[in-house]
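These notes are about the structure you will find just below.
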Amino acid sequence: MKPLGPIPSGFTAVDGVLAIDGRRVTDLIDQAHGTPLFVYSRAMLADRVAQLRRAMPERLAIHYAVKANPYEPILEVMSELVDGFDVASGGELAVAFKAGVSPQRISFAGPGKRDAELAAAIHQGATINLESEGEAARALAIALREGLTPRLAIRVNPDFDLKGSGMKMGGGAKPFGLDAERVPELARQIIGAGAEWRGFHIFAGSQALSADAIIETQAQTIALAVELTSQIGAPLPHCNLGGGFGIPYFSGDEPLDIARIGAALEEQFANLPDEFAATQFCIELGRYLVGEAGVYLTRIVDRKISHGETFLVTDGGLHHQLAASGNFGTVVRRNYPVAIATRFDAPVEEAATIVGCLCTPMDKLADKAGFPRADVGDVVAIFCAGAYGASASPAQFLGQGPAHEMLI
Ligand SMILES: *Cc1c(COP(=O)(O)O)cnc(C)c1O
């Protein structure tokens, strides 16, 4: 049998059925008119942000990376909980705006911003994290034509990356940001052109579970911001330190020690030169804030045996949960935390492979793992589904269409 990932804390069994915030998933499925269904918990989102705030220095602002989950009710909840939003497309900018997030709290990163997207950000007053000199020239030209003052930051491609991160987004040749040595010149140019200087965005990687790696990267990031600021010769108003806080998805993964990260950051802040006394620092997190607050529920429609192996075939699949199938940024396929939700407190009785309903061998939700005996009509729960689920999966693949989503 292959191991399953660890089920996040906070879930219980009520009458043997998985419950989210004390509500049985079978009731939630009835309320949502069926499976497949993503359920997100408002209480878990609030708890997560509260724990993080307790661990981090008071001075540190917390931003939500909308990419992780752009479901509008989640954005509405997050807008009450966090200080800022980071978006990565004109589409995300529009949904954040629609969810009532004030543009002063939004920053817009991402390569390949079209003129219309830059214009929308400038009109609304969102900060643009510039990804290149060419993008800077286009943003300045649009602002000049419209008679507006753009709020501009520079995304820096640092010379280091976040060790052990699942997705490296800094260090070496990258389509993201401007190589650090070219940043001072562009910063002086945009300040000289009359833009509102908003500082740096330095993002070095994602999904790290090592506090030491994050502490080291944050120290390097702050040192780089100090060095670049001295070369630019203007005060640093704002610095986005990136994120990279991971969550345990797989067997053997341990939760991140955020208390240590917070303490180290407090010390970093205490040691900053005086001219950074007014600099606002933030981190931007996606999966850490929303990942564990979401569960994907799918119903078993067939049970079959092939060459002695038991297959449980569900009405869901990788078209909603690409990451659980191992096809979203992972090299080796490993099992997510998965359970039979309708037999949540029953003991393991057999090894089974849980698949989706797509006609492709990629559509595997759990491979040869131990479960209570489940049959047609039982519900499968995939945990850690709050981030990179519905919006990061090919919903139209094989004509299946999207899952239901609900926030409770
Ligand atoms: C994807 C991304 C994030 C969020 O990453 P998580 O691993 O979900 O925390 C944050 N910032 C930038 C620039 C990103 O591209």
Side-chain angles (χ1 to χ4, degrees), residues 40 45 48-49 52 56 60-71 74-75 78 81-89 91-93 96 105-113 121 126-132 135 153-158 161-171 174-178 198-211 213-214 217-218 221 238-250 253 255-256 258 261 281-294 322-323 328-330 384-393:
Y40 311 114
L45 294 172
R48 193 60 177 227
V49 176
L52 186 67
M56 292 298 134
L60 184 74
I62 294 171
H63 286 199
Y64 174 54
V66 171
K67 181 178 71 178
N69 192 332
Y71 181 53
I74 288 207
L75 299 187
M78 294 306 281
L81 296 174
V82 302
D83 305 300
F85 275 56
D86 294 307
V87 301
S89 70
E92 286 188 355
L93 181 63
R105 298 165 64 203
I106 301 177
S107 57
F108 179 7
K113 299 182 194 76
T127 292
I128 298 171
N129 294 340
L130 297 166
E131 303 272 350
S132 73
E135 192 174 281
I154 298 177
R155 180 162 177 188
V156 183
N157 175 24
D161 61 18
L162 174 56
K163 291 197 182 63
S165 67
M167 273 184 222
K168 297 199 188 317
M169 293 184 72
K174 288 285 179 305
F176 311 111
L178 203 67
R198 296 289 297 150
F200 308 123
H201 174 211
I202 309 177
F203 182 80
S206 212
Q207 179 52 21
L209 291 173
S210 155
I214 289 178
T217 296
Q218 288 181 336
T221 302
H238 190 266
C239 186
N240 180 331
L241 300 172
F245 291 31
I247 59 173
Y249 286 106
F250 307 116
D253 284 356
L256 190 60
I258 55 170
I261 296 172
F281 289 91
C282 76
I283 50 172
E284 52 173 355
L285 304 178
R287 76 187 75 225
Y288 189 82
L289 300 181
V290 297
E292 294 184 356
L322 189 63
F328 189 71
T330 40
C384 295
Y388 306 107
S391 72
S393 305

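For reference, positions follow the sequence shown, starting with 1. Both ligands and their constituent atoms are indexed starting at 1 by order of listing.
Each of the following atoms of ligand 1 lies closer than 4.0 Å to a heavy atom of His201: 13 (C). Taking every heavy atom of Ala65 and a limit of under 4.0 angstrom, the matching atoms of ligand 1 come to 3 (C), 4 (C), 10 (C). Heavy-atom proximity to Ser206, at under 4.0 Å, picks out these atoms of ligand 1: 5 (O), 6 (P), 7 (O).
Checked by distance only, ligand 1 and Tyr288 stay at 3.5 Å or farther apart across all their nitrogen or oxygen atoms. Considering backbone and side-chain N/O of Gly244, none are found under 3.5 Å from N/O of ligand 1. Distances between N or O atoms of Lys67 and those of ligand 1 include at least one value under 3.5 Å.
Checked against side chain to side chain contact (heavy atoms under 4.5 Å, CB included), Ala387 has the following partners two or more places apart in sequence or in another chain: Ala68, Arg287, Val290. For Ala121, the side chain to side chain contact (heavy atoms under 4.5 Å, CB included) partners two or more places apart in sequence, or in a different chain, are Leu93, Phe108, Ala126, Ile128.
If you look at Tyr388 next to ligand 1, the close heavy atoms, those under 4.0 Å, all belong to the side chain.
Judged by the 6.0 Å distance and 45° axis criteria, Arg155 is not positioned over the aromatic ring of Phe200.
In this structure, Lys67 does not pair ionically with Glu92, as no charged nitrogen and carboxylate oxygen lie closer than 4.0 Å.
Side-chain atoms of Leu289 and Val82, non-hydrogen and from C-beta on, do get closer than 4.5 Å to each other. Two residues are said to be in side-chain contact when any heavy atoms from C-beta on lie closer than 4.5 Å; Leu45 and Leu81 meet this criterion.
Remark: distances from the non-hydrogen atoms of Phe203 to ligand 1 include one below 4.0 Å.
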